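Reviewing the structure listed below.
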Amino acid sequence: MKLLKNDFISLKKGDFIIIAAVLLIAGIAVLLIMRQNSGGYVKITSFSDTSTYPINEDRNIEIIGDNGGHNLVVISDGKVWVKEADCKNRICVNHKPVYKNHESIVCLPNHLVVEVVNNKSNEIDN
Amino acid sequence: MSAKMITRLGILLSLSLILSYLESLIPLNVSVPGVKMGLANIVTMYVLYYYGIKNASAILILRVFISGFLFSGLSSVIFGLCGGVLSILVMYLLKRVKSISVIGVSIAGAVAHNAGQILIALIIMDNAGVLYYLPYLSITGLISGMLVGYISALLMKKINFESQDIH
């Protein structure tokens, strides 16, 4: 500890600013990466067709699935979840909201797949 | 440049080469490429503080070339040069700020070194994916920079008699 007390070796004010700046850069980079990881679009594949919606626009989507099955998909706060469904097992309704790229919610009885994707198109992203 | 000076810088260059070699012997089991201790930066810092930026740059560039071709390969020379030049510029500028100690200069230098490497990777690979390494490399740069800075500060305190007959 005697060495640490020496003027030449103890940290000065500017050093703490540098450490804070480095931590800030790391934090911002982590935030940017996390934002990039959350997909930009929601791809909903139902029995009849496929459609894509931006994940940052709030909306409710009514889907008539196979055998007249019915689902209500909600996009809100950058997340998507299935709010209502008339299937028996209710797995899709109990699924937690998804927002990261490649996360998905599936309702098997109604042939519904809700997937978070990076791109609007169906291209395979690298 | 006096013969004494040339000798000193030569010894310092070989010391930094030894430190580079020593470092390549110690395996750091980190999955992120580019993580290293940067022990050779102790020499760079020392030369920068006592013999000025010109000599420090000369030692740094020679060290990167020699150690690159001896111990690793061409790609490490390119990465090392880009990181090293950016690092020494940052260290030179921050050294002039009164409220920043050797440790702060070293931290900034280490992080700048890693940032320079990410920059060149960005240019060579043309893929923004390398930016994913930025948080890891800035944190490891912070830690290794602190360590190297502390050692450098310790050294400079012990060997500061030398500065008198040079400046």
Side-chain angles (χ1 to χ4, degrees), chain A residues 1-43 52 54-56 78-80 97-104 115-126, chain B residues 32 45-46 49 87 90-91 93-115 118-119 122 125-160 163:
Chain A
M1 282 317 282
K2 204 177 175 187
L3 283 170
L4 283 171
K5 276 184 182 167
N6 188 293
D7 254 11
F8 201 57
I9 292 174
S10 64
L11 290 170
K12 292 186 193 163
K13 202 174 109 192
D15 297 342
F16 290 108
I17 295 173
I18 286 179
I19 294 171
V22 170
L23 291 175
L24 194 71
I25 291 171
I28 289 171
V30 167
L31 278 181
L32 283 177
I33 288 168
M34 272 169 57
R35 253 181 69 174
Q36 212 179 14
N37 263 349
S38 61
Y41 294 94
V42 179
K43 192 171 93 177
T52 311
I55 200 164
N56 49 16
K79 295 180 179 183
V80 56
V98 293
Y99 57 96
K100 283 185 194 150
N101 194 19
H102 300 311
E103 275 189 320
S104 60
E115 196 185 1
V116 183
V117 290
N118 247 347
N119 308 315
K120 201 167 185 175
S121 59
N122 286 333
E123 283 173 52
I124 296 166
D125 53 23
N126 42 24
Chain B
V32 184
M45 295 265 300
Y46 179 80
Y49 269 81
S87 153
V90 167
M91 290 198 292
L93 292 175
L94 291 182
K95 183 178 87 89
R96 299 162 145 231
V97 182
K98 267 250 156 78
S99 65
I100 297 172
S101 78
V102 178
I103 299 176
V105 171
S106 168
I107 293 171
V111 174
H113 183 273
N114 290 346
I118 289 178
L119 202 70
L122 206 62
M125 296 173 189
D126 198 20
N127 184 346
V130 288
L131 282 176
Y132 277 54
Y133 293 130
L134 189 60
Y136 300 103
L137 285 181
S138 43
I139 295 299
T140 55
L142 180 69
I143 296 164
S144 66
M146 235 185 243
L147 186 81
V148 164
Y150 183 72
I151 297 171
S152 304
L154 215 61
L155 271 174
M156 284 179 212
K157 189 174 158 283
K158 301 265 178 195
I159 328 179
N160 62 2
S163 61

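Not measured: the values here are computed from a predicted model. Heavy-atom basis, side chains included; hydrogens, waters and symmetry copies ignored. Every chain is numbered from 1, with letters handed out A, B, ... down the list of sequences.
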Margin query: Suppose we screen for side chain to side chain contact (heavy atoms under 4.5 Å, CB included). Which residues come up paired with I25(A), at least two apart in sequence or across chains?
Written below: L134(B)
Next item on the list: Apply side-chain contact (heavy atoms from CB on, under 4.5 Å) to the pair I139(B) and L23(A), showing each step before the final yes or no.
Entry: CA-CA 7 Å; I139(B) 295 299; L23(A) 291 175; 3.7 Å; yes
Checklist line | Heavy-atom proximity to chain A below 4.5 Å, by part of L94(B) | finding: side chain
Next item on the list: Working to the nearest 0.5 Å, report the span between CD1 of I17(A) and CD1 of I100(B).
Entry: 7.0 Å
Next item on the list: Over all heavy atoms of both residues, which pair between K98(B) and K12(A) is shortest? Give the atoms and the distance, please.
Entry: O-NZ, 3.5 Å
Checklist line | Residue V111(B) versus chain A: region with a heavy atom under 4.5 Å | finding: side chain
Notebook entry, point to check: Which heavy atom of P135(B) sits nearest a heavy atom of V30(A), and at what distance?
Noted result: CB-CG2, 3.5 Å
Notebook entry, point to check: Considering all heavy atoms of both residues, which atom of M146(B) and which atom of I19(A) are nearest to each other, and what is their separation?
Noted result: CE-CD1, 3.8 Å
